[in-house]
Amino acid sequence: MSYGTSFADAESGYNEADVCIYGIPYDRTACFRSGAREGPSAIRRSSYNFEQTHFEHGRGQRRLSVYDYGDCSDQIIPDDMVSEVKFAVGPAIRDGKFIIAMGGDHSGNIPIIQCFERKSIALISLDAHLDSREEYMGVRNSHACVTRRAAEHLGINNVFVLGVRSVSEDELEMEEIVPYIDAYQIYERGIEWAIRQALDSVKSEHIYVTLDIDCIDPAFAPGTGTPEPFGLHPVDVKKVINIVGDRLVGFDVMEVCPPADLTGITSILAARYIKEAMAVYGRKLAGAPFTCDGVSSRF
């Protein structure tokens with residue numbers, strides 16, 4: 001792959017790769033504005049903005065072998081998207097690779113989680129919305145149903161959402177409400193407190209983090225399909241990735257919508273979070289402690 005068609009520094013073949021990256025250019029379940037299908041390409045282009053080494057993680061960082069699969073084939077029917085993503089991502093999960101995915105609307109997370117063995121991991125979702133409906137507009141594999149599908153596969157005690165500030169009455173009246181901490185509690189008590197609550201709540205030791213970019217305040221990340229004011233600060237997400245640390249087994253960024261991202265800042269932020277997740281995974285492989293000197297000591 002050439003510049004812009006693969007993620008920066010993704011130069012390995014599949015067999016030797018530590019990390020496998022997948023694009024999911026699908027936005028058929030978007031319910032406000034479409035365009036997230038262009039997210040993977042924009043995030044790949046933005047990834048070339050950054051140094052391979054992140055100064056806050058210190059010198060001598062482990063260089064990961066990274067394989068970029070490219071994009072899953074675009075589909076029309078949500079169930080076909082689920083089958084396509086499982087076909088692409090499933091082998092890497094079974095082979096124990098560290099998974100990174102780029103959406104696309106948030107429904108792309110559903111098949112990824114279903115590729116893991118039941119109750120083998122926990123899902124921590126960073127999202128403005130609870131996304132726990134049984135179905136939305138007749139579709140069970142909608143971006144509005146992500147945590148409900150995860151709870152069915154992993155158990156509701158292995159799902160937790162941070163940053164919520166939009167929930168339907170139907171979701172709050174369900175027999176089993178997906179656990180969450182809203183953005184307003186995070187303002188008052190801090191993201192460090194919130195992620196510790198989430199980690200103490202879930203039962204699995206292994207954590208997959210899914211980031212719906214609308215979790216972040218639209219002042220910082222305007223390029224998304226369903227923007228919701230009063231969101232988290234970008235550094236809050238960085239802290240979450242670092243605090244999860246050596247429990248992290250996979251990461252995705254969803255709902256980046258380039259047509260709404262006139263300055264490109266949202267895709268740049270998404271690419272930087274992917275680089276952060278890889279830096280944290282590199283520290284895990286290197287057996288490095290999850291504290292660093294200087295500014296990184298804050299994370």
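Numbering starts at 1 and runs along the sequence shown. As the structure is a computational prediction, the values presented were derived from the model and not from experiment.
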Participant: Flag yes if Tyr281 and Ile243 sit in one hydrophobic cluster, no otherwise; membership is Ile, Leu, Val, Met, Phe, Trp, Tyr, and two members link when side-chain heavy atoms are under 4.5 Å apart.
Facilitator: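 Yes, Tyr281 connects to Ile243 through the hydrophobic network.
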Participant: Would you kindly confirm whether Ile241 and Ile181 end up in one hydrophobic cluster when ILVMFWY residues are joined by side chain heavy atoms under 4.5 Å apart?
Facilitator: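 Looking at the clustering, Ile181 is in the same group as Ile241.
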Participant: Heavy atoms, side chains only, cut-off 4.5 Å: are Ile76 and Arg28 in contact?
Facilitator: yes
Participant: Would Tyr26 and Met254 count as a side-chain contact (heavy atoms from CB on, under 4.5 Å) here? Give the steps.
Facilitator: CA-CA 10 Å; Tyr26 183 83; Met254 302 292 180; over 6 Å; no
Participant: Between Ser204 and Asn158, does the side chain to side chain donor-acceptor pair (under 3.5 Å) criterion hold? Intermediate values first, please.
Facilitator: CA-CA 7 Å; Ser204 178; Asn158 268 325; 4.9 Å; no
Participant: Which residue pairs pass the ring pair (Phe, Tyr, Trp, His ring centres under 6.0 Å) test when at least one of the two sits in residues 122-146, sequence neighbours left out?
Facilitator: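 Ring pair (Phe, Tyr, Trp, His ring centres under 6.0 Å) check on residues 122-146 returns no pairs.
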Participant: Are Ile113 and Leu130 connected, step by step, through hydrophobic side chains (Ile, Leu, Val, Met, Phe, Trp, Tyr) whose heavy atoms are closer than 4.5 Å?
Facilitator: no
Participant: Does CD in Glu16 sit with more than 12 non-hydrogen atoms of other residues, nucleotides or ligands closer than 6.0 Å?
Facilitator: yes
Participant: Could you grab the distance from atom CD1 of Ile100 to atom CD1 of Ile274, nearest 0.5 Å is fine?
Facilitator: 6.0 Å
Participant: Between Arg63 and Asp18, does any side-chain N to carboxylate O distance fall below 4.0 Å?
Facilitator: no
Participant: May I ask you to decide if Asp80's main-chain N or O and Gln75's side chain share a donor-acceptor pair within less than 3.5 Å?
Facilitator: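 Looks like no, no N/O pair under 3.5 Å.
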Participant: Do other residues, nucleotides or ligands put more than 12 heavy atoms under 6.0 Å from Ile77 CD1?
Facilitator: no
Participant: Decide yes or no for Leu126 and Val209: does some side-chain heavy atom of the first lie under 4.5 Å from some side-chain heavy atom of the second?
Facilitator: yes
Participant: Which atom pair, heavy atoms only, marks the closest approach of Gly35 to Asp27?
Facilitator: N-OD2, 2.7 Å
Participant: Hey, what do you get for CD1 (Ile216) to CG (Leu211), rounding to the nearest 0.5 Å?
Facilitator: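 Output value for this atom pair is 5.5 Å.
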Participant: Would you kindly confirm whether Met81 and Val139 end up in one hydrophobic cluster when ILVMFWY residues are joined by side chain heavy atoms under 4.5 Å apart?
Facilitator: no
Participant: If you define the side chain from C-beta out and look only at heavy atoms, does anything of Ser12 sit under 4.5 Å from Val66?
Facilitator: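 Side chain of Ser12 against side chain of Val66, heavy atoms only: no contact under 4.5 Å found.
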Participant: Supply the members, apart from Val146, of the Ile/Leu/Val/Met/Phe/Trp/Tyr cluster built from side-chain contacts under 4.5 Å; use none for a lone residue.
Facilitator: Ile110
Participant: Are any side-chain N or O atoms of Arg148 and backbone N or O atoms of Glu134, one a donor and one an acceptor, separated by less than 3.5 Å?
Facilitator: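 Absent.
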Participant: Suppose we screen for side chain to side chain donor-acceptor pair (under 3.5 Å). Which residues come up paired with Ser107, at least two apart in sequence or across chains?
Facilitator: Asp105
Participant: Looking at every non-hydrogen atom in both residues, tell me the closest pair between Glu228 and Pro218 and how far apart they are.
Facilitator: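 Heavy atoms only, the tightest pair is O-CD, 3.2 Å.
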Participant: Going by the angle between their ring planes, with limits at 30° and 60°, are Tyr69 and Tyr22 parallel, tilted or perpendicular?
Facilitator: tilted
Participant: Do other residues, nucleotides or ligands put more than 12 heavy atoms under 6.0 Å from Phe50 CZ?
Facilitator: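 It does: Phe50 CZ has more than 12 such atoms within range.
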Participant: Atom CE of Met278 and atom CG of Leu285: how far apart are they, to the nearest 0.5 Å?
Facilitator: 12.5 Å
Participant: Measuring only between side-chain heavy atoms, which start at C-beta, is Tyr67 closer than 4.5 Å to Ile21?
Facilitator: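 When only atoms from C-beta onward are counted, Ile21 and Tyr67 do not touch, as no gap falls below 4.5 Å.
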Participant: Specify the closest pair of heavy atoms between Ala10 and Asp68, including all atoms of both residues, with the distance to one decimal.
Facilitator: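 The pair with the smallest heavy-atom distance is CB-CB, 3.8 Å.
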Participant: Okay, side chain of Ser34, backbone of Ala30: is any donor-acceptor separation there less than 3.5 Å?
Facilitator: no
Participant: List, by chain and then residue number, the residues other than Phe32 in its hydrophobic cluster (Ile/Leu/Val/Met/Phe/Trp/Tyr, side-chain heavy atoms under 4.5 Å); write none if there are no others.
Facilitator: none
Participant: Supply the atom-to-atom distance Lys239 NZ to Ile191 CD1, rounded to the nearest 0.5 angstrom.
Facilitator: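 It comes to 8.5 Å.
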Participant: Locate the shortest heavy-atom distance separating Ser120 from His206; write the atom from each residue and the value.
Facilitator: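 Here Ser120 and His206 meet closest at O-CD2, 3.9 Å.
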Participant: Inspect the surroundings of CG in Leu172 and state if more than 12 heavy atoms from other residues, nucleotides or ligands are less than 6.0 Å away.
Facilitator: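 For Leu172, atom CG is crowded (more than 12 foreign heavy atoms under 6.0 Å).
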Participant: Please check this pair: side chain of Asp182 against backbone of Gln185, looking for a donor-acceptor N/O pair closer than 3.5 Å.
Facilitator: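 The answer is yes, because a donor-acceptor pair under 3.5 Å joins these two groups.
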Participant: Out of curiosity, Tyr273 OH to Ile213 CD1, how far, rounded to the nearest 0.5 Å?
Facilitator: 6.0 Å
Participant: Can a cation-pi geometry be assigned to Lys97 and Tyr14, taking NZ or CZ under 6.0 Å from the six-membered ring centre and within 45° of the ring axis?
Facilitator: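 Geometry flag: set, cation within 6.0 Å and 45°.
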Participant: Is there a side-chain contact between Arg140 and Val82 (heavy atoms, below 4.5 Å)?
Facilitator: no
Participant: Is a side-chain donor or acceptor of Thr224 paired with a backbone partner of Glu255 at a separation under 3.5 angstrom?
Facilitator: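 Checked: pair present.
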Participant: Can you tell me how far the CD1 atom of Ile156 sits from the CE atom of Met174, to the nearest 0.5 Å?
Facilitator: 9.5 Å
Participant: Can you check whether Ile207 reaches Ile121 side chain to side chain, under 4.5 Å on heavy atoms?
Facilitator: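 No, every pair of side-chain atoms sits at 4.5 Å or beyond.
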Participant: Taking all non-hydrogen atoms of both residues into account, name the closest pair between Asn141 and Pro78 and its distance.
Facilitator: O-CB, 4.0 Å
Participant: Consider only side-chain heavy atoms of I, L, V, M, F, W and Y, link residues closer than 4.5 Å, and tell whether Ile195 and Val161 are in one cluster.
Facilitator: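 Looking at the clustering, Val161 is in a separate group from Ile195.
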Participant: Between the side chains of Arg149 and Ser142, does any donor sit under 3.5 Å from an acceptor?
Facilitator: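 No.
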Participant: Check whether any side-chain N or O of His106 sits under 3.5 Å from a backbone N or O of Cys145 as a donor-acceptor pair, and report yes or no.
Facilitator: no
Participant: Looking only at atom types and distance, does a side-chain atom of Thr147 sit under 3.5 Å from a main-chain N or O of Asp131, one as donor and one as acceptor?
Facilitator: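 Checked: pair present.
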Participant: Taking all atoms of both residues into account, what is the closest heavy-atom pair of Ile177 and Glu171, and its distance?
Facilitator: CG1-O, 3.8 Å
Participant: Distance-only, no hydrogens or angles: does the Asp217 side chain make a donor-acceptor pair with backbone N or O of Gly231 under 3.5 Å?
Facilitator: yes
Participant: Does any pair with a residue in residues 165-201 pass ring pair (Phe, Tyr, Trp, His ring centres under 6.0 Å), and if so which ones, sequence neighbours excluded?
Facilitator: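 Listed once each, the pairs are Tyr184-Tyr187.
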Participant: Is the shortest side-chain heavy-atom distance between Ile99 and Phe251 below 4.5 Å?
Facilitator: no
Participant: Can you confirm whether Tyr208 sits close enough to Asn109 that some side-chain heavy atom of one is under 4.5 Å from a side-chain heavy atom of the other?
Facilitator: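 Yes; the side chains approach each other to less than 4.5 Å.
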Participant: Does the Ser46 side chain pair with the main chain of Ala271, one donor and one acceptor, at a distance under 3.5 Å?
Facilitator: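 Checking the backbone N and O of Ala271 against the side chain of Ser46, no donor-acceptor pair under 3.5 Å is found.
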Participant: Go through the structure and list residues passing ring pair (Phe, Tyr, Trp, His ring centres under 6.0 Å) with Phe220, not counting sequence neighbours.
Facilitator: His233
Participant: Under the criterion side-chain contact (heavy atoms from CB on, under 4.5 Å), which of Val164, Val159, Val167 is the partner of Val178?
Facilitator: Val159
Participant: Test salt bridge (charged side-chain N to carboxylate O under 4.0 Å, His left out) on Glu56 and Arg272; report intermediate values, then the result.
Facilitator: CA-CA 13 Å; Glu56 72 273 27; Arg272 182 59 180 83; 2.7 Å; yes
